[in-house]
Participant: 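One structure is given below, represented as structure tokens, and several questions about it will come after.
What's counted below: heavy atoms across the whole structure, side chains too, no hydrogens, waters or symmetry copies. Every chain is numbered from 1 and lettered A, B, ... according to where its sequence line falls, protein lines coming before strand lines.
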Amino acid sequence: MATTLMPGQKRFTPSAILADLTLLAWFVFSLFPIVWLVLLALKTDAEQTTTYFSFSPTLDNFGTVLSDRGEELTSVDFPTALLTSVLNCAGAVLVSLVVGIPAAYAAGRWRFRGSNDLMFTILSFRFAPELMVIVPLFVIYNQIGLFDTTVGMIWVLQLVTMPLVVWILRSYFQDLPEDLEHAALLDGYTRRRAFVMVALPLVRPGIAAATLLAFIFAWNNYIFPLVLSESEASTVTVAITKFLGGGGQAYYNLTAAAAVIAALPPLVLALTIQRYLVRGLSFGAVKS
Amino acid sequence: MSTLTRTDGSAQHTVAQSLVLDRLHKTYTSRGKTSFEAVKGIELSIEPGEMVALLGPSGCGKTTTLRLVAGLETVTDGDIRIGATSVADLPPAKRNVGVGFESYALYPPLSVRQNLRYGLRARKVRDADQRVDTLAARLEMTELLDHRPADLSSGQKQRVALARALIRNPPVLLLDEPLSHLDAAQRQRVRRELKVLQREFGYTTIVVTHDQLEALSLADRIAVMDGGVIQQFGTPDEIFDDPANRFVADFVGEPNINLVDGVVQRSGGKTFVRVGDAGMLPVTATGVADGRAVTVGLRPQDCHTGVGAEQPALEGEVRVYENLLEFGQATVDVPGVDEPVVVQTPADERLAGGDVLRFAADAGQVYLFDDDSGERLR
């Protein structure tokens, strides 16, 4: 007789156990670099090159990275770089959302002359390697005075964030039944109001997902700030590498501590935004 | 302007208005070129308070026509008039039509009450809550008001969608496949309710459907559409008993009409049509030349058995006999006819495979169609 299983309950068959063990192994494997990074960040200068798991952990490295002592070692003001990164990425994501949401809506709702070409162009920003475009960009940025400026960084990060926002949201808008907006039009709302009051609230999970992804991609970007900024607009990704010391002594423990700190803002954003990530708000509206 | 008194005693003004579609065209263009002509010059004149069904297969232009009337598509050519007013160039909100969408189109984050109020809010209607309550009571859905659409069954969603279309009390009501997502039992019930409501409220109504049963039961008149053109517009009886062409004859009727090849034969002042090797059926058509090859339409329901040997009839061996209790259905191989002919037989007349069946129909119920155009020959 078959036993009834509650939702979420699992049957303990050999294959299920094997699958779980495989997943566990993969979990440990993929999490290891992060664990190693955190361990390294807790080691002293003397222990930084050891591979022991047992050592006397210290939080000094974090203090060093964030203090003037860090700047003395690397000539980079890490807290400022952190703030610059937040500013650049938030700015870039904001611009992408303001421009990208209407673009995604238009592309998702209507086919107009050149709409496919436009969408492809936007997507192509993602698959052109950054190293390929960086030299011309460097020349242009120098000539028009955008080198090492916040505006310049926000602008160039559009290459990273805009395609994500437009492509993710376009599919959300496409999934949204058009009848919902039509009903609003018949009710007496204008196109704009139908968009704002009907379509926009229903793609909120999509906006959350796109915001998070775009922010993470912008945050992780290394090449653009490395080449297109010097000090003013230099970001945390560039600052981390300074602890490896250009020719001088390499501080692996400080690098690790800086990396751990740098990983926090996206993590915080992900935790704040995750309750909006729940998809399925529009489920039940329309039978398909 | 007439005043209708509702069953709950509240009086509201409803203007039953005529709806005229005048040579209505809809052409979709892409890159300046005509890519698809969805609606090709539809003429339809609907009386105030009348319920008309647009019946046709998918892609026939019926939904496009509905959307043209609602204002969700722009009219390429022609006119739409509600009462004396041309609405073809008005935005949807100004046309004063209520639409029941096939997908129901309820806002998921809002409760049923908020959904109903949404449309009134845009127009700044003052007694919105009272109107919602009144309509909900009339549609027997008061208990649904505080639920969200996701919590409702498809029958309940359908009811809310209908309420949404009715809440503004529009003189013209457009329903797109209103019953398509309901199960058989719900369908019968909602169909009856819809008819009662439409009668009571007096809306001029267009209902779009691909289901002939729905069209036959709901509509005062049916417009059978195919290829963007109205093939026939008439009462259900006219559509069934006097089809304008082969398409209408074939599309309406369950089981499907038998369509077989035949040759017209005149003898002794009477007209017959020869079917197969030895079959002969009487016809009323007088304007068809002797010896002309035609397509013969014969409904299974119109066939009668027990035809004498001297009378014109078809005869063949029964391939399959189905006993459907109220009647029987025999599939008969008539010599010289490619397709087997389906015949409805009286319930008390049990047959078996291999039996020989002789059957005929009254002259008025044997339809002749042109082989090429499919037009009815009279």
Participant: So do the side chains of A:L202 and B:P109 get within less than 4.5 Å of each other, counting heavy atoms only?
Facilitator: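 Yes, close enough: below the 4.5 Å cut-off.
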Participant: So B:Y118 and A:Y189, would you call those rings parallel, tilted or perpendicular, with 30° and 60° as cut-offs?
Facilitator: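 Tilted: the ring planes of B:Y118 and A:Y189 meet at 30° to 60°.
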Participant: Tell me, yes or no, whether the heavy-atom count around A:W155 atom CH2, taken from other residues, nucleotides or ligands under 6.0 Å, exceeds 12.
Facilitator: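 Count not over threshold, so no.
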Participant: Around atom CZ of B:R191, are there more than 12 heavy atoms from other residues, nucleotides or ligands closer than 6.0 Å?
Facilitator: yes
Participant: Does this structure show an ion pair linking A:D187 with B:R123, if we count only N-O contacts that are shorter than 4.0 Å?
Facilitator: no
Participant: Say you draw a straight line from CE of A:M197 to CZ of B:R121; how long is it, rounded to the nearest 0.5 Å?
Facilitator: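 Here the rounded value is 4.0 Å.
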Participant: What closest approach, in Å, do A:G188 and B:A93 show between heavy atoms, and which atom pair accounts for it?
Facilitator: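 Smallest heavy-atom distance, with atoms named: CA-CB, 3.3 Å.
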Participant: Does A:W26, at its CH2 atom, have more than 12 non-hydrogen atoms belonging to other residues, nucleotides or ligands within less than 6.0 Å?
Facilitator: no
Participant: Please name the pair of heavy atoms, one in A:A183 and one in B:Y107, separated by the smallest distance, quoted to 0.1 Å.
Facilitator: C-OH, 4.1 Å
Participant: Roughly how far apart are B:D176 CG and A:D179 CG, rounded to 0.5 Å?
Facilitator: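 Nearest 0.5 Å value for the CG-CG distance: 7.5 Å.
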Participant: Looking at A:F27, I want to see if its CZ is surrounded by more than 12 non-hydrogen atoms of other residues, nucleotides or ligands under 6.0 Å.
Facilitator: no
Participant: Does the B:R95 side chain pair with the main chain of A:L186, one donor and one acceptor, at a distance under 3.5 Å?
Facilitator: no
Participant: With a sphere of 6.0 Å drawn around CG of B:D151, does it hold more than 12 non-hydrogen atoms of other residues, nucleotides or ligands?
Facilitator: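 Result for CG/B:D151: enclosed.
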